Peer 1: 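Pasting in a structure now, in C-alpha cells, and then I'll have a few things to ask.
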Amino acid sequence: MLTLDFHPTGRHFLQIPGPSPVPDRILRAMSLPTIDHRGPEFGPLGLKVLDGMKQVFRTRHPVAIYPSSGTGAWEAALCNTLSPGDHVLMYETGHFASLWQRLAGRLGLVTESLAYAGPDEHLPHAPGWRRGVQADMIEERLRRDTEGRIKAVCVVHNETSTGVTSDIASVRKAIDAAGHPALLMVDTISGLASADYRHDEWGVDVAVSGSQKGLMLPPGIGFNALSPRALEASRRSKLPKSYWAWDEIVEMNKDGYWPYTPNTNLLYGLSESLDMLLAEGLEQVFARHQRWAAGVRAAVDAWGLPVQCADPAVYSPVLTGVITPEGVDADALRRLIHTRFDLSLGTGLGKLKGRMFRMGHLGDSNDLTLVAMVAGVEMGLKLSGIALAGSGVQATMAHFSAHPVDREKMST
Ligand SMILES: *Cc1c(COP(=O)(O)O)cnc(C)c1O
C-alpha cells in the first residue's frame with residue numbers, strides 16, 4: 001500500500017526544480033467538477049487558457065496544449081516539422097539537452113551536438129554543463145553547412161539539470177548571421193513563467209514547455225508555441241504523427257476544443273495559474289525569481305561552495321546547483337536532508353551524479369520558505385561533516401532584508 005503518512009506535520013518542502021510546489025489556490029481550482037469536454041462550458045475555458053498561454057509565451061501565433069509531460073512536447077516539436085534522416089544540430093548544456101538529443105535520434109533524425117570544451121576547475125569532465133550556449137559555435141557550424149543539411153537547431157533555455165540559462169536571442173542572431181534556414185527550437189520547460197522568454201521577439205520557431213515548473217501546476221500538460229515557419233514546415237514534414245499533429249489541434253482550438261479529451265481539471269488549474277501570473281505581471285514574476293535566486297546564491301557563497309553555473313551572466317533564476325566537495329556524495333547528503341528535515345532537493349543528473357545537488361526557487365515559494373530551505377540544507381551540510389566557511393542562512397536573510405519587494409509596484 002502507498003502510504004503518504006511519512007510526513008507527520010507541516011508542509012513537505014518540495015524544493016526540487018519541478019514539479020514545483022503548487023499554490024493552494026490552484027489545487028482548489030482543480031477540485032471543481034469535471035465537465036463535458038465537448039459541452040458548452042468547455043469552449044470558453046479552452047479559449048481562455050489558449051489565449052493566456054500566448055501571453056505567457058509572448059507570441060501572436062498558435063500554442064498547442066497536450067495532455068502530456070514535457071517529453072511529449074519535445075517529440076511533438078520534432079515530429080511535426082521534420083522528416084526521417086533530417087539533420088538536427090543540438091547544443092549540449094546539460095542532461096536535458098542530451099535527453100532531447102537521444103529522443104531525436106530515436107525518431108530517426110541524425111543528430112550532432114556542440115558543447116563548450118574549455119578547461120574547468122571544479123568539473124573538468126563536464127565544462128559545458130556549467131555554461132550557457134556559445135552561439136558563435138552554432139554560427140561557425142552552420143556556415144560550414146553549405147548544402148543546407150541541418151534542418152533545425154535545438155537549445156535548452158533554462159537547463160534544469162545545472163541551473164544555467166542560455167541566451168536564445170544570440171542563437172537566432174547566429175542562425176541569421178550564417179544566413180541559414182534551419183528552424184530554431186527551444187526547450188523552455190522550466191524557463192517559461194519564471195525566466196524571461198519572448199517567442200516572437202527572439203524568432204523562435206517551436207518552443208516546448210510543461211506545466212510542472214514555472215506554471216506552478218502538477219505534471220501533465222505539455223506545450224508547443226509555434227511560428228508561421230514552423231506551421232509551414234509541418235505541412236511538408238514526413239515523420240509519422242497523429243496524436244501530436246498540430247493541424248487538427250490548431251483547427252479545433254479555434255473554438256476552444258480539442259480533437260481528443262484534454263485534461264480538464266489541469267486546465268482549471270492552468271486558468272488559475274494564468275490569472276495569478278498575468279495579474280502579477282510577467283516582468284514582476286521574473287524579477288521575483290531573480291531576487292530569490294540571488295538570495296539563495298548568497299547562501300552558497302557564504303558556505304564557500306561553488307555554484308554549478310560558472311558564468312554569472314547566465315545564472316538561472318529558477319534553481320541553483322551546488323557542487324559538493326570532492327569525496328562527498330551529494331545523493332547521500334540529499335537523503336540525509338530528506339530524512340531529517342522533510343526537504344526534497346534535486347539530484348545530480350547524468351554526468352553530475354553524486355557531485356552536486358539542486359535547490360529549486362520556483363512555484364509556491366516566498367522569502368521565508370526559501371530561508372527554511374537554506375536552513376535545511378545548511379543543517380544537512382554540517383551533519384555530513386562538510387566544513388562551511390560561514391552561515392548561508394544569515395546570508396540569505398541579509399539579502400532578503402536588504403532587498404525589499406516593492407509592494408506598491410506589485411499591486412498595480
Ligand atoms: C522537466 C524538464 C524536462 C522533462 O519534462 P517531463 O515533463 O519530465 O517530460 C525537459 N527539459 C527540461 C529543461 C526540463 O526542466
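First listed ligand is number 1; within each ligand, the first listed atom is number 1. Nothing here was measured: the structure is a model prediction, and the numbers come from that model.
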Peer 1: Is it the case that the side chains of Thr347 and Asp331 hold a donor-acceptor pair, with the cut-off being a distance below 3.5 Å and no angle test?
Peer 2: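 Present: a donor and an acceptor within the cut-off.
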Peer 1: Which ligand 1 atoms, with their elements, are less than 4.0 angstrom from a heavy-atom of Gly70?
Peer 2: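 So the atoms of ligand 1 that pass are 5 (O), 6 (P), 7 (O), 9 (O).
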Peer 1: Can any side-chain N or O of Gln134 pair as donor or acceptor with the backbone N or O of Tyr116 at less than 3.5 Å?
Peer 2: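 No: the side chain of Gln134 does not pair with the backbone of Tyr116.
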Peer 1: Can a donor-acceptor pair be found, under 3.5 Å and without considering hydrogens, that links the side chain of Ser316 to the backbone of Thr165?
Peer 2: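 The answer is no, because no donor-acceptor pair under 3.5 Å joins these two groups.
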Peer 1: Does Arg236 use its side chain to pair, donor to acceptor, with the backbone of Ser83 at less than 3.5 Å?
Peer 2: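 Side chain of Arg236 to backbone of Ser83, a donor-acceptor pair under 3.5 Å: no, none is there.
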Peer 1: Does the side chain of Trp129 come under 3.5 Å of the side chain of Glu92 through a donor N or O and an acceptor N or O?
Peer 2: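 Yes, Glu92 and Trp129 have a side-chain donor paired with an acceptor closer than 3.5 Å.
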Peer 1: Of the options Leu184, Ile150, Asp205, which is the one that meets Ile175 in a side chain to side chain contact (heavy atoms under 4.5 Å, CB included)?
Peer 2: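 Among Leu184, Ile150, Asp205, the one that satisfies the side chain to side chain contact (heavy atoms under 4.5 Å, CB included) with Ile175 is Leu184.
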Peer 1: Distance under 4.0 Å to a non-hydrogen atom of Trp74: what atoms of ligand 1 satisfy this?
Peer 2: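 Counting atoms of ligand 1 from 1, those under 4.0 Å from Trp74 are 10 (C), 11 (N).
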Peer 1: Quick one: does Gln212 get an N or O within less than 3.5 Å of an N or O on ligand 1?
Peer 2: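 Yes; the residue has a nitrogen or oxygen that sits under 3.5 Å from a nitrogen or oxygen of the ligand.
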Peer 1: At what distance is the nearest protein heavy atom to atom 12 (C) of ligand 1, and which residue and atom is it?
Peer 2: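 Looking at atom 12 (C) of ligand 1, the protein heavy atom closest to it is Asp187 OD2, 3.4 Å.
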Peer 1: What residue and atom, counting heavy atoms only, is the protein's closest point to atom 1 (C) of ligand 1, and at what distance?
Peer 2: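 Heavy-atom neighbour on the protein nearest atom 1 (C) of ligand 1: Lys213 NZ, 1.4 Å.
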Peer 1: If you measure every N or O of Ile189 against every N or O of ligand 1, does any of those distances drop under 3.5 Å?
Peer 2: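 No, there is no polar N/O contact under 3.5 Å.
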Peer 1: Ligand 1 versus Thr71, non-hydrogen atoms closer than 4.0 Å: side chain, backbone, both, neither?
Peer 2: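 Within the 4.0 Å criterion, Thr71 contacts ligand 1 through backbone and side-chain atoms alike.
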Peer 1: Does either side chain, that of Asn224 or that of Trp246, offer a donor lying less than 3.5 Å from an acceptor on the other one?
Peer 2: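 On atom types as modelled, these side chains qualify, holding a pair under 3.5 Å.
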Peer 1: Taking non-hydrogen atoms only, is Asn158 closer than 4.0 angstrom to ligand 1 via side chain, backbone, both or neither?
Peer 2: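 Backbone only.
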Peer 1: Short list, please: which atoms of ligand 1 are under 4.0 Å from a heavy atom of Thr160?
Peer 2: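 Near Thr160, meaning under 4.0 Å from one of its heavy atoms, ligand 1 has 12 (C), 13 (C), 14 (C), 15 (O).
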Peer 1: Report the part of Trp100 (side chain from C-beta onward, or backbone N, CA, C, O) that has a heavy atom under 4.0 Å from ligand 1; answer both or neither where that applies.
Peer 2: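 Looking at Trp100 and ligand 1, no heavy atom falls under 4.0 Å.
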